[in-house]
Amino acid sequence: MRAASEMTTGVFPSVCSLDCPDQCGLLIHKEDGKIVKIDGDPAHPVTKGKICNKVRHMAERIYDAERLQYPLKRIGKKGENRFERISWEEAMDTISSKWKTLITAEGAESILPYSFYGNMGRIGTEGMDRRFFNRLGASRLQYTICEAAGTEGYKYTMGGSFGTDPEDTVHAKLHIFWGINAVSTNMHQVVLSEQARKDGAQIVVIDVHKNQTGRWADWFIPIKPGTDAALALGLMHILFAENMVDEAFLQQYTVGHEELRQHVRQYDPETVSSITGVPAADIYRLARLYGRTNPSFIRIGNGIQHHDNGGMCVRTIACLPALTGQWMHQGGGAIKGNGSYVEHNTAALQRPDLRQEHTRYINMNLLGSALLELDPPIRSLYVYNSNPALVAPNAGKVRQGLEREDLFTIVHDLFLTETARYADIVLPATSSFENTDLYHSYWHHYVQIQQPVIAPYAESKSNVEVFRLLAQAMGFEEPAFQDTEADMIRQALDYPSNPNMAGITYERLAEEQFVKANTQPLLPGKLRTPSGKIELYSKSMERRGYPPLPTYTPLSENEDLPFLFIPAPNHNFLNSTFSNNGKHVRMEKKQRLHMNAADASILGITDGKDVRVWNARGECVLEAAVGEDVLPGVVVSQGLWADSPGSKNVVNALTPDRIADMGGGATFFSGRVQIEKV
Ligand SMILES: Nc1nc2c(c(=O)[nH]1)N[C@H]1C(S)=C(S)[C@@H](COP(=O)(O)OP(=O)(O)OC[C@H]3O[C@@H](n4cnc5c(=O)[nH]c(N)nc54)[C@H](O)[C@@H]3O)O[C@H]1N2
Ligand SMILES: Nc1nc2c(c(=O)[nH]1)N[C@H]1C(S)=C(S)[C@@H](COP(=O)(O)OP(=O)(O)OC[C@H]3O[C@@H](n4cnc5c(=O)[nH]c(N)nc54)[C@H](O)[C@@H]3O)O[C@H]1N2
Ligand code: SF4
Ligand SMILES: [Mo]
């Protein structure tokens, strides 16, 4: 059979590579060798042919006139945006000779890879790259910017990223979306919940901002940022007090229910109301609705865990379904993430054995301090699949680090991003439609494969190919660097420790495009917690110095400014991706700051006027959106907008680089700001 990339015309199956839980099946329409249309694949069992606007317009991004075509080297000052074309040969020679010199003089730890999931393909993001940096002995990045705190928190309760199968949620009669803007960030969960609503289910949204998801709910519950654990404990208080718990389930499948029963007595509705801002009557109403509805389903979002107390908050909410025995009901339970069901063989893919010495770990949320303060220093930074100049917290510090004249920076991307403007060498990347890769979702249970649909754009190369070239330039002779993408996919799928993946082979994926993992309901069965049960009381947390029972801990009080600032994602960008596309920017209109009318009136701010937002870290100028969508004392912006020189619009200039309570996580939403009219 001929490869799709060699056929000029036709419709080819594909998968969305973006960092989005839905991981849609796609159909790529090609004419004369070019993509002319991108549609959803109706055959995909979960996403069923529906896709978001972002990816419907993806072809514009693929053929954008601004897309990088050749390697570049910097000829201006850092950040000045002046580059000239070089060959791949010169690029590889420059990087390898610089790195060889650095390794001799200061050791390989002076080199730091920085990446995230701009493309979720496992071979390109956790494969040849990791092999290369392991062999090099570079400093190791901790991948903490996204879900780290919540993932660790959830794991203490449930043993791993195991939740409800989203396909089952059509059976749930109550859907609670908790700190997730699902209409924008998980649209197919909304489709499934909407289907359940037609059968009588109720939709509750708990958020600090009445955004598109709050407006879609049957009942929207506004809450003060960072207080959700208190609300969950208040619900538990009422569930126990009014005998709405499933005692048989607690006995058989949990540890610590007696301790929890005593512990939550202190979280009476009045106390919880004063912490959360949720009226006591609403706390009763929600507890009774939750206590009396089977099955009930909670979609736990990333919003609640981008806080100082985010890990504990997710750990606490994750206890709720156990109280009413939801894990025994089809569609009941919760989803924080489902990645553990589809785990592949990471050791075979990443080859940690290629690393010869122990090397330091660097938390990616501390990129600014790492570049400015670490000793021994970082001398070279290699960025791919990410745009830290816009997405990393405390952006001012990150920029200052990137400006260092003695830092040798390489950026591999499809565009000359804000980060790439500080690079010494820029390398052009292929889009996912030009690559072979393996995909599995962190929400549904399907594994998918991508095979090239089009030929590489101009001189661009995939991550795998670049790391193969770098290995060659560095003189690495291990066979691991000769593996093809197909070899690597086979190695990743060969993983007897995860029986869910049994029978999923490269050949099958190539034939069927997507295959569901052999997942079973979580219970009855043994969880991966130390006790094998749901841990309401966790000895491992106790050993690590955390309260062993779910607990409300307030946000850091180190910042003495009046407003909590929540710079969340928006609908038409994906993190900073698409923020350089005119159509998407126009759909988002303006970069706004949502604030409460009472606060605006005190500050003399009117709707539609610019406001200055600032703190000790930096400042932004945004357009005020005055109304009742947020509580007093809270301000919300949406989207990681492209940095246009001269405008003060990088929201991460304001965000803290404090580290969350668990997993080394980010605290994007726990920063405080002051506001004034311009
Ligand atoms: N369109 C679009 N889709 C995306 C993305 C995107 O940028 N755009 N990004 C992708 C990525 S990488 C991720 S991680 C996910 C993130 O998507 P989500 O899981 O939805 O997480 P966030 O959008 O970060 O925040 C969700 C909500 O949390 C709210 N929130 C903030 N603080 C609190 C709090 O203390 N309590 C409560 N209850 N709510 C709070 C915010 O107002 C926001 O509505 O989406 C993915 N999908
Ligand atoms: N204020 C604030 N900041 C946030 C968040 C927030 O909610 N608020 N969310 C945080 C979260 S949850 C996340 S996940 C991070 C995400 O941050 P990033 O992972 O940096 O996400 P993007 O901004 O989408 O940047 C991805 C980059 O990878 C490039 N890329 C795509 N495919 C490939 C490829 O195959 N190869 C190479 N070499 N490059 C490729 C894209 O062109 C793009 O420039 O942002 C975090 N930052
Ligand atoms: S970004 Fe999300 S919703 Fe949009 S096509 Fe990709 S996976 Fe589907
Ligand atoms: Mo994320």
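In this chain, numbering begins with 1 at the start of the sequence shown. Both counts, for ligands and for their atoms, begin at 1 and track the order of listing.
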Just checking, [X] and [Y]: is the charged tip under 6.0 Å from the six-membered ring centre and within 45° of the axis?
X      : Y      : result
Arg130 : Tyr143 : yes
Arg85  : Tyr70  : yes
Arg131 : Phe467 : no

So His594 and His209, would you call those rings parallel, tilted or perpendicular, with 30° and 60° as cut-offs?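 Tilted: the ring planes of His594 and His209 meet at 30° to 60°.
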
Taking atom NZ of Lys50 as the centre, does the number of heavy atoms from other residues, nucleotides or ligands within less than 6.0 Å exceed 12?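 Open.
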
Looking at [Y] and [X], is any side-chain nitrogen of the basic one under 4.0 Å from a carboxylate oxygen of the acidic one?
X      : Y      : answer
Arg617 : Glu559 : yes
Lys54  : Glu60  : no
Asp643 : Lys648 : no

Students should find this: residues with any non-hydrogen atom under 4.0 Å from ligand 2. What is the answer?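 For ligand 2, the contacting residues are Asp19, Arg61, Phe116, Tyr117, Gly118, Asn119, Ile145, Cys146, His306, Tyr384, Asn385, Ser386, Asn387, Val391, His412, Asp413, Leu414, Thr417, Ala429, Thr430, Asn463, Pro567, Pro569, Leu574, Asn575, Ser576, Thr577, Leu640, Asn652, Phe668, Phe669.
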
Residue and atom names of protein N/O/S atoms that fall under 2.8 Å from atom 6 (Fe) of ligand 3: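 Protein N, O or S atoms closer than 2.8 Å to atom 6 (Fe) of ligand 3: Cys16 SG.
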
Do Pro166 and Leu192 make a side-chain contact, defined as non-hydrogen atoms from C-beta onward lying under 4.5 Å apart?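 In contact.
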
